[in-house]
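Lettering of chains follows the sequences in order, A, B, ..., and the numbering in each one begins at 1. Fair warning: this is a prediction, and the values are worked out from it, not measured in the lab.
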Amino acid sequence: MKAGALARSLWHRAASRRLSVVLALALALYALLLTIWAMSSPATTVRSIASGVPFLAAYALLAVNLVACSLEFFPAVLARSRVRGAARPLGREVEVEVPELGSSPEERLSAALSKIGARRVLRVDGGVLGVRSPLAPIGSTIFHAGLLVLAAGLWLSARGRVSGEAILARGQPFSGSPGEYVSTGGPEGSPPPEMAFEVEDIGASFFGNAILFTDLWARLRMADGSEPTVRLSDPARSGTSWVSITGYAYAPEFVVRDASGAELASAVVRLQSFPPGQQDGFDLPGLPHRVYVEVYPDYVPGPGGQPESRGPAPGRDVRLRAVVLRQRVPVASAVVALGEPLAFDGLTLTFTSLEPMGTFRVVRDPGWPWVMAGLFAALLGLAWRLVRPRVDVFAAVAPGAPGRLRVRVRGDLLPADPRRWAERIARALSEGA
Amino acid sequence: MNLQVALLGAAALLAITGAALLSRRRTGAGRALAAAALAVLLALISYRWWLTGHPPLFGTLESDVADGAALLVAALWLSRRAAPFVTAGAAALGGALPLRGLAHGLNMFPLTISERSLWIDLHAPLGYAAFACLAVAALEAGRLVVSRAQEEETGRLSASLLWGFLFVTALMVTGIWYSGILFGAFWRWDPVESLALAAWLSLGTLAHARLFFGWSERRIAGWVLAAFALALVLFKGLVYLPGGATYHVFDLRL
């Protein structure tokens with residue numbers, strides 16, 4: 001086979017609608033299998049299966065098929081939109097009584113067809129052809145182009161998305177340097193997202209005393225001076241990056257003093273301290289001690305004197321259970337209120353305040369503008385195609401019967417009822433069109 | 001008796017009686033009862049909205065009540081257009097579906113921080129519309145599968161299928177976008193995503209079969225039922241998956 005013939009054969013195979021259907025069904029089957037895998041395997045395993053060679057081959061083939069089909073069929077779609085005649089054989093003919101149309105029936109029929117929604121009207125074959133929504137089929141091309149842009153965006157996103165989590169208390173700045181993130185994810189060797197801001201305030205609301213957030217927000221001061229309020233569902237964007245608040249905890253501020261009252265160390269510590277009673281620890285700077293803390297933001301004594309919290313929101317009586325260890329040996333342990341010193345090894349540890357703290361997720365995703373454009377185009381194209389589909393209506397005066405109209409129609413997507421259209425034309429004519 | 005249970009029972013009774021009348025071509029009385037059932041469900045939705053402060057988009061009961069209302073709207077709209085089997089089926093399903101939600105509790109909770117978004121306010125109603133369209137398509141397909149009479153194509157199956165496809169597409173568009181906001185990733189192969197993709201591809205394939213290969217409505221009817229079975233798992237089956245398999249289950253046990 002010659003190279004040209006081979007290329008044509010390959011092209012026709014690539015642009016086959018049958019291939020589209022086979023690939024779509026194969027992907028549907030893959031997706032179902034992934035659903036079953038997800039019942040028994042962790043999400044990371046499912047994601048690695050979904051990015052395996054068989055899946056990638058199916059995605060790639062479908063993308064090639066989409067491109068080939070779009071290029072192959074777009075000229076025909078475009079040609080159809082320039083109405084030069086009825087697009088395809090029209091349906092069965094019906095007749096309807098109309099007022100006599102006089103010496104220029106085509107003019108009156110054209111006016112009637114325009115009145116009932118035909119955007120293109122032309123005289124053909126002794127009658128008049130009116131076409132409603134002649135450009136609707138272009139919606140298919142927009143839809144499929146949108147899917148390609150979406151696929152490109154998802155690919156870019158999967159290859160280049162980098163995310164990082166930072167834990168910050170109220171008043172703390174963040175410059176986006178790698179050391180400030182507690183965890184990062186993304187392609188190996190990629191630097192974490194760069195985004196600078198300062199946490200001006202953090203707030204949370206709960207459903208009664210339950211661990212159910214009804215609001216969680218943080219007001220940030222961005223590098224450009226703006227002060228957005230971010231939420232989990234409402235991030236602040238800067239270029240291809242965005243930041244949102246995903247978690248909440250309590251950050252105790254402490255001070256350590258020696259016997260003379262001199263301050264040896266103080267800081268706001270970032271802890272995994274949520275929900276109330278969750279234990280986490282921190283090292284005292286410059287000292288051989290580690291402190292384990294549980295926060296009870298709305299203290300109430302529980303059974304056996306154990307501390308409990310009425311709910312997760314800070315109340316009037318904030319208490320902390322602190323255990324101080326030196327070289328893994330407990331040297332002090334107590335439930336203390338804010339401002340109440342805990343003595344150990346000739347020193348005192350005092351928690352002076354409880355600051356709200358948030359977990360912030362910063363994401364840099366080079367694919368998101370493409371994903372947004374692709375989603376929008378796909379939806380727009382499909383709506384354009386489906387909401388008001390093309391209908392070709394042909395009307396002509398019956399030979400020798402000036403008061404009878406013959407009507408034939410063809411719906412592009414759905415069967416069109418010729419009787420209904422004939423009646424609409426008759427009504428438009430009788431109303432003076 | 002609990003007011004909500006009473007309202008659900010009344011809606012089911014009205015809708016199923018209305019469906020029986022619609023199936024016997026007593027359209028006027030059937031429509032009136034279906035409309036009354038819809039009014040009762042809307043009253044229930046309003047009551048819960050008033051108490052919780054948010055529209056019905058939280059848990060299984062709320063989605064079943066909203067889907068039931070959407071089906072009753074479809075039944076009313078179709079009652080002068082579609083076959084009695086389809087209209088009556090939509091009305092009966094619309095009344096019965098909310099009863100399933102009862103099994104998942106009447107508890108009312110405010111929206112959590114992941115659900116407080118205009119994207120969710122858009123996403124959930126698109127889901128209700130998609131479910132109603134696909135259920136109507138399945139009823140029409142079921143009628144075609146059972147019926148042996150030769151009849152001219154009405155386009156009702158195609159119309160409900162294509163509108164269902166449009167709404168499922170819009171549902172996925174809003175879901176993908178919100179997943180990017182919520183999780184920092186647009187697609188994570190969660191079961192809800194995999195199932196939605198499988199259902200969307202099946203519906204798209206049927207649309208191609210109809211539009212490009214000229215398959216008749218009778219020929220695609222069996223396939224529409226299979227695609228609806230997939231959609232049914234997507235819309236109503238996630239709650240029965242093993243615990244933690246998907247994030248897309250919103251019934252709270254506090």
Between chain A and each of [options], count heavy-atom pairs under 4.5 Å; write down the option with the most.
options: B:A209, B:P242, B:A198; result: B:A198
options: B:S202, B:G155, B:A207, B:G184; result: B:G184
options: B:H208, B:R116, B:E193; result: B:R116
options: B:L118, B:T174, B:I176; result: B:I176
options: B:L166, B:T112, B:T246; result: B:L166
options: B:L182, B:T169, B:V233; result: B:L182

Let me know if [X] has heavy atoms under 4.5 Å from chain A in its side chain, its backbone, both or neither.
X: B:A196; result: neither
X: B:F165; result: both
X: B:L111; result: backbone

Practice problem: Mark yes or no: A:R361 above the aromatic ring of B:F183, with NZ or CZ under 6.0 Å from the six-membered ring centre and no more than 45 degrees from the axis. | Solution: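 Output no; distance or angle outside limits.
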Quiz item: Looking at B:F212, is A:R17 sitting on its ring face, NZ or CZ under 6.0 Å from the six-membered ring centre and within 45 degrees of the normal?
Solution: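 Yes, A:R17 sits over the ring of B:F212.
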Do [X] and [Y] pair up side chain to side chain, a donor and an acceptor below 3.5 Å, judged on atom types alone?
X: B:R48; Y: B:T52; result: no
X: B:W187; Y: B:S179; result: no
X: B:R210; Y: B:S158; result: yes

Taking all atoms of both residues into account, what is the closest heavy-atom pair of [X] and [Y], and its distance?
X: B:A66; Y: B:I45; value: CA-CD1, 4.3 Å
X: A:A15; Y: A:E72; value: CB-CB, 3.8 Å
X: B:P191; Y: A:A38; value: CG-CB, 3.5 Å

Self-check item: Toward chain B: residues of residues 378-388 of chain A with heavy atoms under 4.5 Å
Solution: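 Contacts with chain B: A:L379, A:L382, A:A383, A:L386, A:V387.
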Quiz item: Looking at A:L414, A:V363, A:T214, which one has more heavy-atom pairs under 4.5 Å with chain B than the rest?
Solution: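 Counting heavy-atom pairs under 4.5 Å, the top option is A:T214.
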Please report the interatomic distance [atom1]([X]) to [atom2]([Y]), rounded to the nearest 0.5 Å.
X: B:L162; Y: B:L157; atom1: CG; atom2: CG; answer: 9.0 Å
X: A:T229; Y: A:I202; atom1: OG1; atom2: CD1; answer: 12.0 Å
X: B:Y47; Y: B:M108; atom1: OH; atom2: CE; answer: 5.5 Å
X: A:Y59; Y: A:Y30; atom1: OH; atom2: OH; answer: 9.0 Å
X: B:I181; Y: B:S114; atom1: CD1; atom2: OG; answer: 12.5 Å
X: B:T154; Y: B:E217; atom1: OG1; atom2: CD; answer: 5.0 Å

With a 4.5 angstrom heavy-atom cut-off, is it the side chain or the backbone of [X] that approaches chain B, or both, or neither?
X: A:R92; value: side chain
X: A:R231; value: neither
X: A:L413; value: both
X: A:F376; value: neither
X: A:W37; value: neither
X: A:A24; value: both

Quiz item: Should the heavy atoms of other residues, nucleotides or ligands under 6.0 Å from CH2 of B:W223 be counted, would the total exceed 12?
Solution: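 No - once you tally the heavy atoms of other residues, nucleotides and ligands closer than 6.0 Å, there are 12 at most.
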Quiz item: Do the ring planes of A:W242 and A:W368 sit parallel (below 30°), tilted (30 to 60°) or perpendicular (above 60°)?
Solution: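 Correct class here is perpendicular.
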Exercise. Could you check B:L195, B:L171, B:L230 and say which one makes a side-chain contact (heavy atoms from CB on, under 4.5 Å) with B:F235?
Key: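 Of all the options given, the one that passes is B:L171.
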Self-check item: Residues of residues 119-140 of chain B within contact distance of chain A, non-hydrogen under 4.5 Å
Solution: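 The list, in residue order, is empty: none.
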